[in-house]
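By convention in this document, chain letters (A, B, ...) are assigned in the order of the sequence lines, proteins followed by strands, and residues within each chain are numbered from 1.
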Amino acid sequence: MNYWLLKSEPSVFSLDDLRKAPGGRDHWDGVRNYQARNYLCAMAEGDQAFFYHSNCVRPGIVGIVEICRAAYPDHTAFDPHSPYHDPRSTHANPRWYMVDVRFLGALARPVPLSELKQHPELAELPLVQRGCRLSVMPVTAAQWQFILALAERNNP
DNA sequence: GCCAACGTTGGC
DNA sequence: GCCAACGTTGGC
């Protein structure tokens with residue numbers, strides 16, 4: 001099993017939105033970056049991912065989700081009315097993909113980006129690196145466990 | 001809202 | 001294939 005991190009702007013789609021979705025499941029659509037897409041396509045059912053809130057007052061990791069369906073074509077790219085429409089993606093030759101995710105839980109304590117940046121153990125995590133704009137990224141088992149332990153601490 | 005950093009586009 | 005221009009991301 002592999003671990004990942006998924007970024008989302010909470011004003012667009014928050015962890016709470018996923019929790020309240022039917023079955024706690026939803027599509028992870030709208031990824032329009034090749035590297036992020038390649039990571040989406042590398043995901044397997046049963047993998048787990050951190051849910052990260054970006055572009056908000058307190059950017060940070062807030063919860064955990066499970067990948068419940070491996071990558072398949074992102075249909076929002078085919079829809080001319082979608083903000084994610086991309087005419088270069090066709091049914092015959094899809095350019096963009098999405099996975100389905102399922103809410104597993106909120107962290108006992110959200111771990112803000114400012115705190116993640118303070119730990120040398122996480123220096124290799126793309127999220128904390130300069131100018132990182134990647135919205136889907138791998139997390140090593142060691143990083144995963146370290147972050148879970150951080151979330152269990154009452155005082156950062 | 002500012003702006004640095006980045007990815008993409010397209011002329012050449 | 002280079003690279004300037006442009007649009008986007010996302011922390012602050």
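DNA chain C is contacted by no residue of residues 90-99 of chain A, taking any non-hydrogen atom closer than 4.0 Å. DNA chain B lies under 4.0 Å from at least one heavy atom of each of the following residues of residues 30-40 of chain A: A/Asn33, A/Tyr34.
When ring centroids are compared, A/Trp28 and A/Phe51 come within the 6.0 Å threshold.
Side chain of A/Gln129 to backbone of A/Ala123: a donor-acceptor contact under 3.5 angstrom is found. Side-chain N or O atoms of A/Gln145 include none that pairs as donor or acceptor with a backbone N or O of A/Ala142 at under 3.5 Å.
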Side chains of residues 90-97 of chain A: which donor-acceptor pairs under 3.5 Å do they make with residues two or more places apart or in other chains?
residue : atom : partner : partner atom : Å
A/Thr90 : OG1  : A/Asn93 : N            : 2.9
A/Arg95 : NH1  : A/Tyr34 : OH           : 2.9
A/Trp96 : NE1  : A/Asp86 : OD2          : 2.8

Name each donor-acceptor pair under 3.5 Å that joins a side chain in residues 57-68 of chain A to protein atoms two or more places apart or in another chain, with its distance.
residue : atom : partner  : partner atom : Å
A/Glu66 : OE1  : A/Arg102 : NE           : 3.1
A/Glu66 : OE1  : A/Arg102 : NH2          : 2.7

Tabulate protein N/O versus nucleotide N/O from nucleotides 3-5 of chain C, keeping only pairs under 3.5 Å, one per line.
none

Return the polar atom pairs (N/O with N/O) between nucleotides 10-12 of chain C and the protein under 3.5 Å, or none.
residue : atom : partner  : partner atom : Å
C/dG10  : OP1  : A/Lys7   : NZ           : 2.9
C/dG10  : OP1  : A/Arg133 : O            : 3.0
C/dG11  : OP1  : A/Tyr52  : OH           : 2.7
C/dG11  : OP2  : A/Asn55  : N            : 2.9
C/dC12  : OP1  : A/Lys117 : NZ           : 3.4

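Ring planes of A/Tyr39 and A/Trp4: tilted class, angle from 30 to 60°.
The salt bridge (Lys or Arg N to Asp or Glu O under 4.0 Å) pairs that include a residue from residues 43-57 of chain A number zero, where partners must be two or more places apart or lie in different chains. Counting only residues at least two apart or in different chains, salt bridge (Lys or Arg N to Asp or Glu O under 4.0 Å) contacts with residues 70-79 of chain A comprise A/Arg32-A/Asp74. For residues 135-150 of chain A, no residue pair satisfies the salt bridge (Lys or Arg N to Asp or Glu O under 4.0 Å) rule, not counting sequence neighbours. Legend: salt bridge (Lys or Arg N to Asp or Glu O under 4.0 Å) pairs involving residues 35-44 of chain A, not counting sequence neighbours: none detected.
Whole-Å rounding puts the A/Leu6 CG to C/dT9 C1' distance at 16 Å.
Its side chain within the 4.5 Å cluster rule, A/Tyr72 clusters with A/Met98 among the Ile, Leu, Val, Met, Phe, Trp and Tyr residues.
For A/Asp17, the side-chain contact (heavy atoms from CB on, under 4.5 Å) partners at least two apart in sequence or on another chain are A/Phe13, A/Ser14.
Here the CG atom belonging to A/Leu6 is positioned 11.5 Å from the NE2 atom belonging to A/His53, to the nearest 0.5 angstrom.
Heavy-atom distances to DNA chain B give each of A/Arg88 and A/Arg130 a nearest nucleotide, and the one nearer the 5′ end belongs to A/Arg130.
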